[in-house]
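When a ligand or atom number is given, it counts from 1 through the structure's own listing order. Every heavy atom of this structure was used, including side-chain atoms; hydrogens, water molecules and symmetry mates were not.
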Amino acid sequence: MVFEGLAEKLQNALGKLKGKGKLSEKDVENAMREVRLALLEADVNFKVVKQFINTVKERAIGHEVMESLTPGQQVIKIVNEELTILMGEKESKLEFANTPPTVIMMCGLQGAGKTTTSGKLGALLKKKGKRPLLVACDIYRPAAIKQLQVVGEKVEIPVFSIGDKQSPVNIAKASIEHGKKNGNDVIIIDTAGRLHIDEDLMEELENIKNEVKPNEILLVVDAMTGQDAVTVSESFNEKLGITGVVLTKLDGDARGGAALSIRAVTNKPIKFAATGEKFDQLETFHPDRMASRILG
Ligand code: GDP
């Protein structure tokens, strides 16, 4: 189950409204107080929580609910709809280049799951008939190139590497030429990560971006890090202009804060969700399905 604590508390708070024939403003207020606490405990950004509760209350205490035959169900429906909107409303698809190859730049902090996700994304696209190429642009961590090569072998996708003596910008540039020659229609560039955001990392990513003009800049963030994931997303977005987020480790005991805040805070969509270490454990992120899973 995803976001277990949050799901349980929300279902509990809203469950109390379910059986009631008529709701008073006080009933709604009480339920919303519990919902608010549950969201804060799940590490959802406090501004996002405030806005969310206000919107739900406004809708619930208006005509929409009070005159409804099943007011409790109506409030639950509103919460479901607003949670969905909070996470982006609709699924957000990858942008492909009109003239291939499509270039996807993967970025994020070390350990977020960038390399694994690059392989997973490649596998997902290959299944859809694309011919991806993985590109090893992390020249700093000694084992990084090898790691991507191992990933490439597992998912049976070629890996472009020219070692660690060239600059990442040159590697990225060369990979596009290589991809064009070899009929690769999607180039997935695995960039270097750091333990923390630093100027050098951002500058390097900007340089790669300016050189290869990616169709997508996907930021990979670890859902278990909650508000830190949101802060990281804000920083990368400000400096780099990301096009979307991949949330990883949703199979762990993430509380939900990242999933529920990132879209609202950065205004960039969560495009994919990773739910395990295996290479088929990446799926398109569906805000409506996620909301329904949380509300049970
Ligand atoms: P990078 O440093 O950002 O490239 O991160 P890696 O791809 O090396 O991943 C770091 C660790 O997280 C590895 O042990 C991965 O197997 C693991 N990992 C990545 N994605 C997921 C996920 O969705 N769920 C779980 N449980 N582990 C993941």
Top protein contact for atom 24 (N) of ligand 1, by heavy-atom distance
D251 OD1, 2.8 Å
Among all protein heavy atoms, pick out the one at the shortest distance from atom 7 (O) of ligand 1; state its residue, atom name and that distance to 0.1 Å.
T116 OG1, 2.5 Å
With respect to T115, determine whether any N or O atom, backbone or side chain, lies less than 3.5 Å from an N or O atom of ligand 1.
yes
Donor + acceptor pair across side chains of T231, D228 (<3.5 Å):
no
Enumerated ligand 1 atoms positioned under 4.0 Å from heavy atoms of L109:
3 (O)
All salt bridge (charged side-chain N to carboxylate O under 4.0 Å, His left out) counterparts of E81, not counting sequence neighbours:
R59, K77
Below 4.0 Å from ligand 1: does a non-hydrogen atom of G108 turn up there or not?
no
Starting from atom 10 (C) of ligand 1, which protein heavy atom do you reach first, and at what distance in Å?
G111 O, 3.7 Å
Pair up each side-chain donor or acceptor in residues 148-164 with any protein partner under 3.5 Å, not counting sequence neighbours, and list the distances.
| unit_1 | atom_1 | unit_2 | atom_2 | d |
| --- | --- | --- | --- | --- |
| S161 | OG | G163 | N | 3.2 |

For N237 and T266, which I'm curious about, is there any donor-acceptor pair between the side chains at under 3.5 Å?
no
Of the protein's non-hydrogen atoms, which lies at the shortest distance from atom 8 (O) of ligand 1, and what is that distance?
Q147 NE2, 2.9 Å
Ligand 1 N/O within reach of K249 N/O, cut-off under 3.5 Å:
yes
Keeping the roles fixed (side chain from E8, backbone from F3), state whether a donor-acceptor pair exists under 3.5 Å.
no
For atom 22 (C) of ligand 1, find the nearest protein heavy atom and state the residue, atom name and distance (0.1 Å precision).
G276 O, 3.2 Å
Distance filter under 4.0 Å to T275 heavy atoms, resulting ligand 1 atoms
23 (O)
Atom 19 (C) of ligand 1: of A273, A143, G113, A192, the nearest heavy atom sits on G113
At what distance is the nearest protein heavy atom to atom 13 (C) of ligand 1, and which residue and atom is it?
E277 OE2, 4.2 Å
Quick one: does T117 get an N or O within less than 3.5 Å of an N or O on ligand 1?
no
So, are K120 and D280 salt-bridged, with charged N and O less than 4.0 Å apart?
no
Would you say Y140 and Q110 are linked by a side-chain donor-acceptor pair, where the criterion is simply a distance under 3.5 Å?
no
Residue and atom name of the nearest protein heavy atom (relative to atom 20 (N) of ligand 1), distance in Å to one decimal:
K120 NZ, 3.9 Å
Can you confirm, on distance only, whether ligand 1 has an N/O atom lying under 3.5 Å from any N/O atom belonging to K114?
yes
Quick check: does any side chain N or O of N207 sit under 3.5 Å from a backbone N or O of V169, one acting as donor and the other as acceptor?
no
Nearest atoms (heavy-atom pairs only) where S233 meets I262:
OG-CD1, 3.6 Å
Can you tell me how far CG of L121 sits from CD of E216, rounded to the nearest 0.5 angstrom?
9.0 Å
